[in-house]
S.K.: 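Got a structure for you, written out below as structure tokens; questions coming shortly.
Just so it is clear: chains get the letters A, B, ... in the order the sequence lines come, proteins before strands, and each one is counted from 1. Just so we're clear, the structure is a prediction, and the values are computed from it rather than from any experiment.
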There are 2 protein chains.
Amino acid sequence: MHDLACASLQGDDLCLPCGLARLAGTPEGARLSQRRVPRGEPLYRQGSAYGAIYAVRAGSFKSTVHDEDGLEQVTGFHVDGDILGLDGMARLRHASTAVALEDAEVLVLPSCDAGLDPLLPRLMSRELVRQRERLQLLMGRSAEARVATFVQDITQRMHARGYSPREFHLRLSRGEIGSYLGLKLETVSRVFGRLQRQRVLRAEGRHVRVLDPAALAAACGASA
Amino acid sequence: MHDLACASLQGDDLCLPCGLARLAGTPEGARLSQRRVPRGEPLYRQGSAYGAIYAVRAGSFKSTVHDEDGLEQVTGFHVDGDILGLDGMARLRHASTAVALEDAEVLVLPSCDAGLDPLLPRLMSRELVRQRERLQLLMGRSAEARVATFVQDITQRMHARGYSPREFHLRLSRGEIGSYLGLKLETVSRVFGRLQRQRVLRAEGRHVRVLDPAALAAACGASA
DNA sequence: CGTTATATTGATAGATATCAATACGGGTGG
DNA sequence: CCACCCGTATTGATATCTATCAATATAACG
């Protein structure tokens with residue numbers, strides 16, 4: 001029963017994917033249910049009753065919030081290993097909508113799971129820190145730095161999961177990226193154009209290839 | 001023992017201050033220790049070992065993070081009833097610094113307190129939602145909207161705690177407000193000047209008086 | 001009362017948003 | 001298989017906003 005928690009609590013950084021990987025085949029693992037979510041379908045909707053949190057096993061999701069006028073804003077981009085739904089616990093109602101960007105699969109983690117419980121506060125704390133880092137990233141930095149960081153973040157996450165760190169297929173439109181980064185879609189497009197002219201990357205529509213990782217890293221630091 | 005959790009879990013919104021208020025004088029309350037923090041002193045520092053979270057009982061705090069170069073950025077402003085230190089659980093090391101803006105007093109909440117534990121995930125979830133709301137506020141909105149929202153937020157919090165909703169003493173400099181809102185100090189100053197000329201409020205240095213709450217609310221909505 | 005930090009105010013430059021037109025691309029139906 | 005269409009992306013011209021640089025004024029403090 002402690003497999004999940006212990007595996008994940010060890011070390012400085014906690015790693016739920018690792019913990020979850022160990023669950024495969026164990027009695028505890030069998031207890032957890034999976035759920036398939038077809039591309040374009042919501043895993044949950046803002047305002048709906050909170051029931052569980054989810055761990056992405058395959059595919060990717062975007063999180064969005066809708067303000068009073070119904071305007072959609074992208075607040076998150078999630079892949080394999082990420083946890084979704086933590087924001088629903090406060091009011092026992094989901095505070096955002098999660099939509100699959102491609103056919104996806106998630107592990108359903110009931111909120112009072114004995115194996116997950118001791119881990120939960122730390123997981124949430126990490127999310128809190130990440131959220132703040134994202135805020136700091138977006139605030140003082142230029143459009144170029146934001147886009148560069150976004151691209152780098154994706155390549156790193158892809159790499160960590162065994163995919164090519166040089167090439168990937170974006171599943172978000174320019175408008176969605178802009179919404180996520182606090183920029184207008186035209187600005188996102190222009191930045192991609194600039195980075196391409198500087199031979200940092202090649203962006204053919206949504207297919208992105210990183211040509212110069214060092215230059216990309218450098219572009220992440222430009223302040224305003 | 002369940003006083004704290006139950007009082008706070010009832011209703012749609014959870015309220016730790018209410019729960020804590022009930023603890024005064026009870027056996028559980030006596031168990032919790034208090035701590036005084038003189039003005040300008042840190043409650044904890046970024047990077048120091050995580051030991052507990054804290055509930056503000058009197059006074060106010062600012063949270064800051066220091067980037068690699070040591071540059072300070074204000075990430076939070078906390079008053080009576082707010083919880084501090086949640087970001088330290090992820091790595092068991094505080095991810096930010098909390099400094100008292102005036103002589104303050106906090107309740108020390110050991111992380112594995114039996115009364116607090118069931119409440120913790122919801123508390124953290126709420127913080128997660130707030131953090132995101134803050135991000136959305138800062139991203140697409142004009143300097144005027146940011147400052148107006150900041151002022152309104154303070155008056156509302158003050159009001160909820162029994163102080164005058166019209167007048168308060170800012171304990172942050174223009175530079176600190178700017179850091180918190182993602183603006184330069186000159187811009188903050190100019191916005192205060194503009195709001196003053198429009199008779200929305202009167203700002204004499206750090207003493208602020210709201211003259212026209214409706215106009216202030218209207219100013220919160222200006223996008224970019 | 002002087003000294004230093006903080007705040008206000010002005011002039012200018014730089015960045016992104018906005019408005020507008022054109023190009024591309026994927027899918028559908030002919 | 002090609003032509004057409006609609007959503008998406010690119011590119012350009014201009015407006016708006018905030019940052020920056022700089023000077024002065026005010027407030028806090030010893």
Side-chain angles (χ1 to χ4, degrees), chain A residues 39-40 62 71-74 101-102 136-151 169-198 201-209 219-224, chain B residues 39-40 62 71-74 99 101-102 136-151 169-198 201-209 219 221-224:
Chain A
R39 168 188 178 141
K62 69 170 176 180
L71 278 169
E72 172 174 310
Q73 177 157 10
V74 178
L101 295 168
E102 58 196 305
Q136 288 177 268
L137 165 73
L138 295 186
M139 276 201 350
R141 309 199 109 69
S142 71
E144 195 166 311
R146 296 183 203 187
V147 174
T149 307
F150 173 70
V151 171
H169 196 82
L170 263 179
R171 294 196 163 74
L172 295 167
S173 71
R174 296 288 186 264
E176 287 171 323
I177 297 171
S179 173
Y180 183 55
L181 297 177
L183 301 168
K184 292 298 159 188
L185 66 92
E186 295 96 325
T187 305
V188 174
S189 186
R190 275 184 244 272
V191 171
F192 272 119
R194 236 178 291 157
L195 291 174
Q196 186 153 349
R197 256 174 276 121
Q198 295 164 209
L201 52 76
R202 169 165 288 274
E204 291 167 341
R206 300 190 185 184
H207 191 82
V208 178
R209 170 193 286 258
C220 295
S223 33
Chain B
R39 167 188 177 139
K62 69 171 176 179
L71 278 168
E72 172 174 310
Q73 178 157 9
V74 178
V99 173
L101 295 168
E102 57 197 306
Q136 289 178 267
L137 166 73
L138 294 186
M139 275 201 350
R141 310 201 108 69
S142 70
E144 195 166 310
R146 295 184 204 187
V147 173
T149 308
F150 173 70
V151 170
H169 197 82
L170 266 179
R171 293 198 161 74
L172 295 166
S173 71
R174 296 288 185 264
E176 286 170 323
I177 297 171
S179 173
Y180 183 56
L181 297 178
L183 300 168
K184 292 298 159 187
L185 66 92
E186 296 96 325
T187 304
V188 174
S189 186
R190 275 184 245 269
V191 171
F192 272 119
R194 238 177 290 157
L195 292 174
Q196 185 153 348
R197 258 174 274 123
Q198 296 165 208
L201 52 76
R202 169 165 290 275
E204 291 167 344
R206 300 192 185 185
H207 190 81
V208 178
R209 169 192 286 259
S223 33

S.K.: Applying side chain to side chain donor-acceptor pair (under 3.5 Å), name anything that partners K62(A), two or more places apart in sequence or on another chain.
M.R.: E72(A), E176(A)
S.K.: Just report the end-to-end axis angle for the helix from dC1(C)-dG30(D) to dG30(C)-dC1(D), five pairs per end, to 10 degrees.
M.R.: 40°
S.K.: Could you state the atom-to-atom distance from NE2 of H207(A) to P of dG25(C) in whole Å?
M.R.: 14 Å
S.K.: Extract from the structure each pairing of a protein N or O with an N or O of nucleotides 3-10 of chain C at less than 3.5 Å, listing the distance.
M.R.:
from    : atom 1 : to      : atom 2 : distance (Å)
dT6(C)  : O3'    : R206(B) : NH2    : 3.4
dA7(C)  : OP1    : R206(B) : NE     : 3.1
dA7(C)  : OP1    : R206(B) : NH2    : 3.4
dA7(C)  : OP2    : R174(B) : N      : 2.9
dT8(C)  : OP1    : R174(B) : NH2    : 3.2
dT8(C)  : OP2    : R174(B) : NE     : 2.7
dT8(C)  : OP2    : S189(B) : OG     : 2.7
dT8(C)  : O5'    : S189(B) : OG     : 3.1
dG10(C) : N7     : R190(B) : NH1    : 2.9
dG10(C) : O6     : R190(B) : NH2    : 3.0

S.K.: Which whole-number value in Å describes the distance from R39(A) CZ to dG26(C) C1'?
M.R.: 11 Å
S.K.: Listed by chain and number, what are the side chain to side chain donor-acceptor pair (under 3.5 Å) partners of E186(A), not counting sequence neighbours?
M.R.: none
S.K.: What pairs with L71(A) under side chain to side chain contact (heavy atoms under 4.5 Å, CB included), at least two apart in sequence or on another chain?
M.R.: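 Applying side chain to side chain contact (heavy atoms under 4.5 Å, CB included) to L71(A) gives D67(A), D69(A).
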S.K.: Tell me every residue that passes side chain to side chain contact (heavy atoms under 4.5 Å, CB included) with Q198(A), counting only those two or more places apart in sequence or in another chain.
M.R.: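 Applying side chain to side chain contact (heavy atoms under 4.5 Å, CB included) to Q198(A) gives E144(A), R194(A), L195(A), V200(A).
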S.K.: May I ask you to say what G182(A) touches in the nucleic acid, namely base, sugar-phosphate or nothing, with a heavy-atom cut-off under 4.0 Å?
M.R.: sugar-phosphate
S.K.: Taking only residues two or more places apart in sequence, or in another chain, which ones meet R171(A) in a side chain to side chain donor-acceptor pair (under 3.5 Å)?
M.R.: E102(A)
S.K.: Any sub-3.5 Å donor-acceptor pair from S179(B)'s side-chain atoms to V74(B)'s backbone N or O?
M.R.: yes
S.K.: Please answer whether the main-chain N or O of G178(B) pairs with a side-chain N or O of R146(B) as donor and acceptor at a distance below 3.5 Å.
M.R.: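 Not confirmed, R146(B) side chain does not pair with G178(B) backbone.
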S.K.: Send over the distance from R146(A) CZ to dA15(C) P, rounded to a whole Å.
M.R.: 13 Å
S.K.: Just how far, in rounded Å, is C1' of dT12(C) from NZ of K184(B)?
M.R.: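 It works out to 17 Å between those atoms.
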S.K.: Tell me the interatomic distance from R141(A), atom CZ, to dA15(C), atom P, rounded to whole angstroms.
M.R.: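 Roughly 15 Å, once rounded to whole Å.
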S.K.: Can you measure L183(B) atom CG to dC17(D) atom P for me and round it to whole angstrom units?
M.R.: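 One finds 14 Å between P of dC17(D) and CG of L183(B), rounded.
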S.K.: Report the distance from atom CD of E144(A) to atom C1' of dA15(C), rounded to the nearest whole Å.
M.R.: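 It works out to 12 Å between those atoms.
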S.K.: L181(B) CG to dA19(D) C1': how many Å, rounded?
M.R.: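 Between C1' of dA19(D) and CG of L181(B): 16 Å.
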S.K.: Just jot down the ring-ring contact (aromatic ring centres under 6.0 Å, His included) partners of Y180(A), sequence neighbours excluded, or say none.
M.R.: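 If we apply the ring-ring contact (aromatic ring centres under 6.0 Å, His included) test to Y180(A), skipping adjacent residues, the hits are F150(A).
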S.K.: Taking only residues two or more places apart in sequence or in another chain, which ones pass side chain to side chain donor-acceptor pair (under 3.5 Å) with R209(A)?
M.R.: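 Checked R209(A) against side chain to side chain donor-acceptor pair (under 3.5 Å); matches are E167(A).
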